[in-house]
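Treat the numbers as computed from the prediction; the structure is a model and nothing was measured.
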Amino acid sequence: MTTEEFRTSLNTITLYKKALEDFVIEKFIHILNLACDKKNFNDIIKAWSDMVSRLYDAEYQGDWTKYINNIILFDNNYFTAECAKGRYGELNQNIKTAGTNDINTLVRLSDVKCAELKGFLSHYFPEKRNIIDNLASFGNFSSKLTFENIINHYKINGIGIFGKFRAFKFNSNQGIEPIKNCDSVLLKDLKRYQREQSIVIDNTLGFLKNKPYNNVLLYGDRGTGKSSTVKAILNEYHKEGLRVIQVYKENLAHLDVLMQMISEIPLKFIIFIDDLTFNENDDFGALKAVLEGSLAKQPDNMVIYATSNRRHLVKESFSAREGDEVHLADTIDETVSLSDRFGITVTFTVPNKDNFLAIVKEIKEDRKLDISDDELFLGAERFAVAKGKRSPRLARQYIDYLQARLELNLSLK
C-alpha cells in the first residue's frame, strides 16, 4: 500500500471514528497530509515533535505498536460492543465488512516503522534528509494484533474503560470513572478469616457462573478485613470478567441510573458500598428498592456487596424506640428491614490474643523478616496495647512498622 493509499484508507475509517481523534493519530495524519501536499516543512517538524512527545509520555514509553494496539482494543463503538456480547456472527454483513476494514487499517497503522515514516518524509523533502534523520524516534517493541485476537479480546475483556481497568467509582455527575491505582491485596494476604472469606468467594463464583447468588452484607468490627476481602476477590477473579464499581452513600439515590449503564455490558459487576451506615432520618429507599421491592429487576450481571460496622445499617437510639408513634413496632421493623434484604450476612469479629499473634507471625513469615517469635510477639502486644485493640489491620500496620525499623537498623524498643 502506497502512502497515498494509506492516507485514503485512514480517511475511510467508519466505526472506529473516535480512534482518529486520538492526539498521536491526529498528528500522524497531519504529517501525512502536510508532506503529500508539500506544505511548510517547519509545520511538519512541529507536528512530529508533538506526536513523539505524547508517545513518550504515554504509559508504553514510546512503543508505537503497543500504543495503537491499545486504541484498537479499548475503542467503544457499536461493532466492538456487539463483539463483546458474543454477537459478531449475528452482525449485518455491511457492519462486519466495515469493522474488518477499520481493524485492518489500524493494525497496518500499528506496524508503521519510524524509519518508514522518515523515509516517506525524505522522499518529499530530500534536501532536508539530515534534519529528518535526526528527528526523535519511536520504536515497535510489541507485535501487532491479529483480527482473531482483537475479536476474542472484546468478548473476554469487554470494551472501553471496562476492558482496560478492573475497579471503578460511580458519581451521578461524572458517571463511571476508572480507579487506576487499584489496591493489589490478594486472598493469600488475608490471614485467619478463611471461613468468612469462603462464603463471599462461593457467592461470587455462583455469580460469575450464572448460578443463584445473593447480595452480601459484610458486617463486623473495624479493621477485620471486610473491604479487603472484596478487593482481593476482584484481584483473584478479574480475568474471569469480574469488575467492581464503588458507590458512595451520597450517590445511592442514583443506583437505577448505574443499573441502566451496566445492564448491557458483557461483564459481571460487584456494586461495592463501603462503610455503609444510615441515620434514622436518612432516606435509604433507593437502595432498599434495588435490593428487593422495585418493579425494575436487578440486572443479572450485577451484585451488591456492602460493608458496615452496624448489623442493621441504621443508627438507632433509645429515644426512637420510646417515641410516641402509635405503631412503634412498624417503625422498628422499617429500621431493620434494609439489612434483612441482603441474602447473606457475613460477620467479621476481632481476633482474640492468640489469633492476633498468629496473624502477625504469618505476615512476618510472608515477608521473611529476621526476628524471633518472642521478640515479635512482645512488640506486637505492646503495639496493640498502645492502640487499644487487636485486628488484622493493626497486625499489618505493626509489621510495616517493624519491617521499616529492621531495614533501617533502628531499635525495636
Side-chain angles (χ1 to χ4, degrees), residues 1 8-22 25 65-66 68-111 143-166 168 170 175-176 178 204-213 234 237-245 255-271 290 294-303:
M1 184 184 295
T8 300
S9 181
L10 285 169
N11 289 331
T12 63
I13 283 180
T14 306
L15 292 164
Y16 287 74
K17 280 290 187 186
K18 288 195 289 290
L20 301 182
E21 298 171 4
D22 176 82
I25 294 181
T65 302
K66 197 163 189 177
I68 304 300
N69 285 351
N70 178 71
I71 292 171
I72 300 169
L73 292 177
F74 303 116
D75 196 86
N76 189 352
N77 61 63
Y78 177 75
F79 176 78
T80 61
E82 291 300 294
C83 290
K85 296 170 187 173
R87 298 178 186 170
Y88 172 75
E90 302 170 25
L91 285 171
N92 176 289
Q93 186 56 50
N94 290 331
I95 295 176
K96 278 187 181 179
T97 300
T100 301
N101 290 339
D102 285 3
I103 287 175
N104 288 339
T105 298
L106 290 171
V107 168
R108 165 70 181 93
L109 177 63
S110 76
D111 199 35
S143 58
K144 61 182 180 180
L145 298 167
T146 65
F147 183 82
E148 292 73 19
N149 291 151
I150 294 166
I151 300 303
N152 195 47
H153 182 275
Y154 295 146
K155 186 175 180 180
I156 294 174
N157 300 289
I159 57 174
I161 59 173
F162 299 109
K164 191 172 185 180
F165 301 100
R166 68 184 71 168
F168 307 85
F170 171 71
I176 300 172
T204 305
L205 291 175
F207 174 55
L208 289 173
K209 296 176 181 179
N210 300 314
K211 305 296 183 184
Y213 62 90
L234 169 64
Y237 297 109
H238 73 96
K239 291 183 179 179
E240 297 183 28
L242 183 65
R243 302 291 184 269
V244 168
I245 301 177
L255 273 178
D256 57 333
V257 176
L258 177 59
M259 287 165 56
Q260 292 175 13
M261 293 173 71
I262 66 173
S263 61
E264 291 298 315
I265 297 172
L267 293 166
K268 298 285 190 174
F269 293 93
I270 293 175
I271 305 305
V290 170
S294 172
L295 288 175
K297 178 180 177 291
Q298 182 175 316
D300 292 334
N301 68 334
M302 164 184 153
V303 65

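- Partners of D111 by salt bridge (charged side-chain N to carboxylate O under 4.0 Å, His left out), not counting sequence neighbours, listed by chain and number: K113, K144.
- For P299, the side-chain contact (heavy atoms from CB on, under 4.5 Å) partners at least two apart in sequence or on another chain are M259, S263, N301, M302.
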(message) With side-chain contact (heavy atoms from CB on, under 4.5 Å) as the criterion, how do Y16 and L20 come out once you've worked through the C-alpha distance, each side chain's angles and the decisive distance to 0.1 Å?
(response) CA-CA 7 Å; Y16 287 74; L20 301 182; over 6 Å; no
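- Rounded to the nearest 0.5 angstrom, C83 SG and H153 NE2 are separated by 12.5 Å.
- N70 places no side-chain N or O within donor-acceptor distance of the main-chain N or O of K66, the cut-off being under 3.5 Å.
- When the side-chain hydrogen bond (donor to acceptor under 3.5 Å, both in side chains) test is applied to T8, no partner is found at least two apart in sequence or on another chain.
- Side-chain contact check for I150 versus V107: some heavy-atom pair is nearer than 4.5 Å.
- One distance of note links CZ of F147 with CD1 of I103; it measures 4.5 Å at 0.5 Å rounding.
- Going from atom CG of L208 over to atom CD1 of I270 covers 7.5 Å, rounded to the nearest 0.5 Å.
- Counting heavy atoms from C-beta on, the side chains of I271 and F170 never come closer than 4.5 Å.
- Partners of D102 under the side-chain hydrogen bond (donor to acceptor under 3.5 Å, both in side chains) rule, at least two apart in sequence or in another chain, do not exist in this structure.
- Looking at heavy atoms from C-beta onward, F79 lies in side-chain contact with I151 at the 4.5 angstrom threshold.
- Between the side chain of S110 and the main chain of I68, no donor-acceptor pair closer than 3.5 Å is present.
- Judged purely by atom type and a 3.5 angstrom limit, T80 has no side-chain atom pairing as donor or acceptor with the backbone of Y78.
- If you take CG on L205 and CD on E240, they are separated by 7.0 Å, rounding to the nearest 0.5 Å.
- For K17 (side chain) and I13 (main-chain N/O), a donor-acceptor pair under 3.5 Å exists by modelled atom type.
- Smallest separation of non-hydrogen atoms from I25 and A19: CD1-O, 3.4 Å.
- Here I265 pairs with F162, I262, L267, F269 under the side-chain contact (heavy atoms from CB on, under 4.5 Å) rule; sequence neighbours left out.
- In this structure, K18 does not pair ionically with E21, as no charged nitrogen and carboxylate oxygen lie closer than 4.0 Å.
- Residues D75 and I159 form no side-chain contact, since every pair of their non-hydrogen atoms from C-beta on lies 4.5 Å or further apart.
- Legend: residues meeting ring-ring contact (aromatic ring centres under 6.0 Å, His included) with F207, ordered by chain and number and at least two apart, are Y213.
- One distance of note links NZ of K209 with NZ of K268; it measures 12.5 Å at 0.5 Å rounding.
- The minimum heavy-atom distance linking G99 with L15 is given by the pair N-CD1, 3.4 Å.
- Every side-chain contact (heavy atoms from CB on, under 4.5 Å) that Q93 has, sequence neighbours left out, goes to K96, T97.
- The side-chain hydrogen bond (donor to acceptor under 3.5 Å, both in side chains) search around Y237 returns none, not counting sequence neighbours.
- Within the structure, salt bridge (charged side-chain N to carboxylate O under 4.0 Å, His left out) contacts touching residues 148-165 (residues at least two apart or in different chains) are E59-K164.
- F165 meets the side-chain contact (heavy atoms from CB on, under 4.5 Å) test with I161, F168, P178, K180; sequence neighbours excluded.
- In this structure, N92 has no side-chain hydrogen bond (donor to acceptor under 3.5 Å, both in side chains) partners at least two apart in sequence or on a different chain.
- Not a single donor-acceptor pair under 3.5 Å links the side chain of N210 to the backbone N or O of D300.
- Listed by chain and residue number, nothing satisfies the ring-ring contact (aromatic ring centres under 6.0 Å, His included) test with H238 (two or more places apart in sequence, or in another chain).
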